[in-house]
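Scroll down for the structure; my scribbles are underneath it.
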Amino acid sequence: MSEEGKIRNLNFIEEIVEADLEAGKNDGRLLTRFPPEPNGYLHIGHAKSICLNFGLAIKYGGGTNLRFDDTNPVTEDTEYVDSIKNDVKWLGFEWENELYASDYFDQLFEFAKVLIRKGFAYVDDSSSEEMATLKGVPSMPGTDSPYRSRSIEENMALFEGMANGDFEEGTRVLRAKADMSSSNMLMRDPIIYRIKFAHHHRTGDKWCIYPMYDFAHGQSDSIEGITHSICTLEFVSHRELYDWFIEKLEIFPSKQYEFARLNLSYTITSKRKLLQLVNEKYVSGWDDPRMPTISAFRRRGYTPKAIRDFCDRIGVAKRDNLIDVSLLDFFVREDLNKLATRVMAVSDPVKVVITNFEEGLTETCELENNPEDPESGVREVPFTREIYIEKEDFMENPPKKYFRLAPGQMVRLKGAYIIQCDEVIKNESGELIELRCSLVKNSKSGQDESGLKVKGTIHWVSIPHAIKAEARIYDRLFKVEDPGSEEGDFKDYINENSLEIKELYVEPYLANATTDAKYQFIRNGYYVLDPDSRDGKLIFNKTVGLKDSFKIETAK
RNA sequence: UGGCCUGUGGUGUAAUGGUAACACAGAAGUUUUUGGUACUUUUAUUCAGGGUUCGAGUCCUUGCGGGCCAACCA
C-alpha cells in the first residue's frame with residue numbers, strides 16, 4: 001500500500017509495540033521470540049505465531065529469537081528441532097539467535113536457589129494427589145502444604161539433593177511459595193522443578209531435575225532481553241505468575257501478551273492429536289499432504305507466500321475464531337496463478353479419433369506456459385490423429401448451455417484445432433468407447449482463418465505421446481467443521497475418503513517435472529510433483545482445484 | 001455458579017465518541033482459445049435491556065452467550 005492516508009489499521013499488539021517504542025521503553029529496542037517445544041511438527045497455527053513474531057520485528061526494526069522450549073525431555077527430540085528450523089526458514093524468516101531453554105538450566109537452577117534463599121520456594125514431599133487436594137477448587141482458598149514452612153537451610157539441602165539424584169522420581173518437587181488462596185490456581189504454589197531421570201536431547205544425563213514451563217519460559221525471555229513475549233490466550237492466567245517470578249528474581253522485566261490462536265475449519269491443530277494421527281497411521285506421516293503441518297503444505301504445493309498472506313489477512317485479536325479453509329485456498333490459488341506452468345493432463349480419458357487427420361503424422365502446437373506471466377514463454381505440444389479428452393467434456397444429450405463436445409457440436413482443442421463430433425462409438429453394453437471427430441482445416445490456434453467462434457475450449461493429450469502418471473487427490477481430513485470441539489473422540493470424524501488415487505495421462509513436457517515446480521493442469525487444478533516419484537513413475541499431488549463456476553443443470 | 005478473557009454480515013478482521021468498512025464465501029454479469037484469471041454489480045452486520053451524550057459498535061450498567069484456569073505438559 002502506497003498511501004499512508006489512514007495508518008491506524010494496527011492490531012492490538014502492534015498498538016502496544018508502537019506505544020512502547022514511542023515511550024522509549026527498552027531503549028527503543030524490540031525483541032520477540034518464537035518458542036516451540038520440539039515435540040512435534042509445526043502446523044498452520046504456529047505459522048500465525050511465526051508471522052506475528054517475526055513480522056513485528058521486521059516491521060519495527062527489531063529481531064526474533066528462535067528458542068526451543070525444551071524443558072520436558074521425555075517428549076522432545078532433535079528430529080523435531082530440525083523440522084522446525086527447516087519450516088521457519090521455508091516460510092521465509094530469519095532468526096536472530098538459535099537458542100534453547102536447556103541452555104539456561106544452570107542459570108535456572110541458580111534462580112531457584114535465589115527463590116529458596118529469599119523464602120519464596122520450598123521443597124514439598126507431598127504426592128501429586130495430595131497437592132491437588134490441598135490446592136482445592138477456584139471458588140475456595142486452598143490449604144497450605146505441611147511442608148510449606150520448612151527452613152531455608154532444609155529447603156536448600158533438599159533441593160540440592162534432588163539435583164544430585166538422591167530421591168526417586170515423583171517423591172519431591174520444588175514449589176514456589178506464592179499464594180494458596182489466590183483465585184488464580186496457578187498462583188497456588190506452582191511446581192517449579194520436578195525430578196525426571198530422563199535423557200535430554202541436548203544436556204544428556206547432566207540433570208535429573210527439570211524446570212516447569214512457568215519457571216523456564218519467562219526466565220528465558222528475561223535472560224535474552226525479550227521485550228514482547230507473545231503467546232496464545234491459554235496463557236493469560238500464567239501472566240500473573242510470569243510477572244511474579246520476574247519481580248521476585250529482580251530480573252529484566254519481559255512482558256507477556258496474549259492473542260487468540262488460529263482455528264481452521266475441518267482441521268485439527270493440536271500437536272497431541274496430530275501425533276496420534278501419525279502414530280496410529282491415519283496418515284502417512286507428519287508431512288502427509290492432508291495434514292495441516294507446514295511440511296505437509298510444502299509437500300502438497302502450497303507456497304510460503306500464500307501462507308504468509310493468509311496469516312496477514314486473518315488478523316490478530318483476542319476472540320476465539322474458526323477460519324474458513326476456503327480463505328487459505330484462496331491465497332494458495334492467488335499465488336499459484338502467477339507461478340504455475342499450464343500443462344494438459346487427462347484423468348478420465350475417452351479416445352477421440354480425428355478422422356481427417358493423417359495417420360502416423362505428428363504436428364506441433366505451441367502453447368503458452370503461463371498467460372499470467374509474459375516471461376514464461378511457450379512450449380511445443382504434439383498433436384496426432386488419436387487423442388484423449390476428458391470424459392466429462394462430452395455429453396450425448398447436453399443441456400442448453402453445455403459448451404463442450406456433443407454430437408454435431410464443435411469445441412476448440414486448447415492450442416490446436418476446432419473439432420466437430422461426427423460419430424459416437426459404444427460397445428455392446430452401451431458404454432462410450434470412442435468419439436470420431438473431424439477437425440476444421442484452417443482453424444489451428446495462431447493461424448485460425450475459419451471465422452468460426454466456438455464457446456468451449458477443452459484440454460487433450462496425444463495418445464502416442466501421453467505419459468501415464470499418478471494423481472493423489474486430497475479432500476479434507478475431517479467431516480465436521482470443528483472436529484476439536486465435537487463430542488467424543490475426534491477420530492470418529494475422520495473423512496475416510498480424504499485420499500483418492502487416480503491414473504493420469506499427461507503431456508510429454510511433464511517427463512522432466514521437478515518437485516519445486518508448480519503446475520496447473522488446465523481446467524482442473526494446481527499440482528506439484530511428489531517426492532515419492534521414481535524414475536518412470538510420476539506422482540502428482542493436487543494442491544488445490546481451480547474455482548469452478550460451471551454447474552450442469554442436473555435437473556436435465 | 002471463584003477468577004480471568006471475549007461477543008461487529010455466513011467467516012474473519014477494521015472503524016480509537018461523528019456516514020459501520022475490507023477480504024473470503026454466496027449471487028448476477030462483462031471479458032476470455034482454461035466455465036481459470038481479470039473486471040463490474042449485488043445480498044448480508046454491531047448479543048439484549050437500561051443509562052450518559054447533540055451523537056454510542058465504541059463510554060457506564062445489568063443481563064445473556066462463548067472461551068480459559070484445579071497436569072510433576074507446554
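We name chains A, B, ... by the order of the sequence lines, and we start the count at 1 in each one.
At a cut-off of 3.5 angstrom, counting only N and O atoms as typed in the model, there is no donor on one side facing an acceptor on the other between the side-chain of E240(A) and the base of G3(B). Side-chain N/O atoms of R412(A) and base N/O atoms of U33(B) include a donor-acceptor pair closer than 3.5 Å. Not a single donor-acceptor contact under 3.5 angstrom links the side-chain atoms of R313(A) to the base of C24(B). Side chain E368(A) to base U33(B): no donor-acceptor pair is found below 3.5 Å.
Side-chain nitrogen and oxygen atoms of S549(A) include at least one within less than 4.0 Å of the OP1 or OP2 phosphate oxygen of G36(B). Put simply, K547(A) has no side-chain N or O that comes within less than 4.0 Å of OP1 or OP2 on A38(B). OP1 or OP2 of A74(B) has at least one side-chain nitrogen or oxygen of T71(A) nearer than 4.0 Å. For R319(A), a side-chain nitrogen or oxygen approaches OP1 or OP2 of U13(B) to under 4.0 Å.
Counting to the nearest Å, the P atom of U34(B) and the OH atom of Y519(A) are 22 Å from each other. In this structure, L174(A) atom CG and C72(B) atom C1' are separated by 12 Å, rounded to whole Å. For the pair D312(A) CG and G12(B) P, the interatomic distance rounds to 18 Å; values are reported in whole Å. Between I522(A) atom CD1 and U37(B) atom P there is a gap of 14 Å when expressed in whole angstrom units. If you take CZ of F550(A) and C1' of A27(B), they are 18 Å apart, rounded to a whole angstrom.
Within 4.0 Å of K135(A), counting heavy atoms only, lies no atom of the nucleic acid at all. Within 4.0 Å of I314(A), counting heavy atoms only, lie sugar-phosphate atoms of the nucleic acid but no base atom. Contacts of G415(A) with the nucleic acid, taken as non-hydrogen atoms under 4.0 Å apart, include base atoms. Contact annotation for R404(A): base contact, defined as any heavy-atom pair under 4.0 Å involving a base atom. Base contact: Q520(A) has a heavy atom under 4.0 Å from a base atom. Nucleic acid contact for N337(A): base, since at least one base atom lies under 4.0 Å from a heavy atom of the residue.
When the nearest nucleotides of RNA chain B are assigned to N184(A) and G170(A) by heavy-atom distance, the more 5′-ward of the two goes with N184(A).
H238(A) places none of its side-chain heavy atoms less than 4.5 Å from the side chain of H217(A).
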Could you give me the CA-CA distance, side-chain angles and deciding distance for D312(A) and R308(A), then say whether salt bridge (charged side-chain N to carboxylate O under 4.0 Å, His left out) is met?
-> CA-CA 6 Å; D312(A) 278 351; R308(A) 277 188 258 115; over 6 Å; no
Assess whether salt bridge (charged side-chain N to carboxylate O under 4.0 Å, His left out) is satisfied between E76(A) and R202(A), documenting all intermediate values.
-> CA-CA 10 Å; E76(A) 294 154 7; R202(A) 299 200 95 223; over 6 Å; no
Check the pair R523(A) / D393(A) against salt bridge (charged side-chain N to carboxylate O under 4.0 Å, His left out), numbers first and verdict last.
-> CA-CA 11 Å; R523(A) 302 207 306 131; D393(A) 285 338; 2.3 Å; yes
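Rounded to whole Å, the separation between the C1' atoms of U6(B) and G12(B) comes to 15 Å. One P atom belongs to A25(B), the other to U40(B), and the distance between them is 15 Å to the nearest Å. Distance noted for atom C1' between U53(B) and U1(B): 36 Å (whole Å).
In this structure, F383(A) and Y417(A) have tilted ring planes: the angle between them lies in the 30° to 60° band. In this structure, W286(A) and Y41(A) have parallel ring planes: the angle between them is below the 30° cut-off, well short of the 60° mark.
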If pairs are Watson-Crick or G-U with both distances under 3.5 Å, what is the dot-bracket string of RNA chain B, marking crossing pairs with [ ] and pairs to another strand with |?
-> .((((((..((((....[..)))).(((((.......)))))....(((((..]....))))))))))).....
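In this model, a donor atom of one side chain and an acceptor atom of the other lie less than 3.5 Å apart for S181(A) and D179(A).
The stretch residues 442-451 of chain A touches RNA chain B through K444(A), S445(A), G446(A), each having a heavy atom under 4.0 angstrom from the strand.
Residue ring and base: F330(A) does not count as stacked with A23(B) (centre distance below 5.5 Å and interplanar angle below 30° not both satisfied).
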